[in-house]
Amino acid sequence: MPLTFRKSFRILPGVRLNINRRSWSITTGGGKNGPRYTHSSTGRRTTSMDLPGPFGWRRTRSGKRR
């Protein structure tokens, strides 16, 4: 089983720095009912949000794909 490295730091309220073996990303937002925006060093941008009811969460991606 391969070892993985992933670490997340809270740098400001509502802002997180996420680091893994190959890249890093900044996540903002994600309050109680708001969307969460992630911008990666590889160029990928992701928006995710918790939706009420049986929908769970929804994610949309834009930018580079691997």
Side-chain angles (χ1 to χ4, degrees):
M1 186 169 168
L3 294 174
T4 60
F5 173 75
R6 183 175 142 189
K7 187 69 179 168
S8 181
F9 301 98
R10 183 175 154 210
I11 53 178
L12 292 171
V15 179
R16 294 184 84 74
L17 173 65
N18 309 297
I19 300 173
N20 66 32
R21 190 167 52 101
R22 295 183 181 173
S23 65
W24 57 270
S25 64
I26 298 283
T27 302
T28 58
K32 288 192 174 193
N33 295 318
R36 195 169 35 242
Y37 303 101
T38 303
H39 299 276
S40 174
S41 63
T42 60
R44 179 177 288 185
R45 289 180 288 171
T46 305
T47 302
S48 58
M49 184 173 180
D50 291 329
L51 298 175
F55 302 109
W57 58 273
R58 179 165 177 82
R59 177 175 60 188
T60 58
R61 292 183 184 172
S62 62
K64 289 185 180 178
R65 293 196 179 193
R66 295 180 119 175

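Neither side chain, Arg16 nor Thr27, offers a donor N or O lying under 3.5 Å from an acceptor on the other.
Separating the CZ atom in Phe5 from the CG atom in Asn20 is a distance of 8.5 Å, to the nearest 0.5 Å. Put simply, CZ on Arg21 and CG on Leu3 are 9.5 Å apart, with the number rounded to the nearest 0.5 Å. Between atom CG of residue Leu17 and atom NZ of residue Lys7 there is a gap of 11.0 Å, rounded to the nearest 0.5 Å.
Of the possible donor and acceptor atoms, one in the side chain of Ser41 sits under 3.5 Å from a partner among the backbone N and O of Trp24.
In terms of heavy-atom proximity, Ser40 sits nearest to Ser25 at CA-CB, 3.8 Å.
Placement of Ile19 and Ile26 within a single hydrophobic cluster is found when ILVMFWY residues are connected by side-chain heavy-atom separations under 4.5 Å, directly or transitively.
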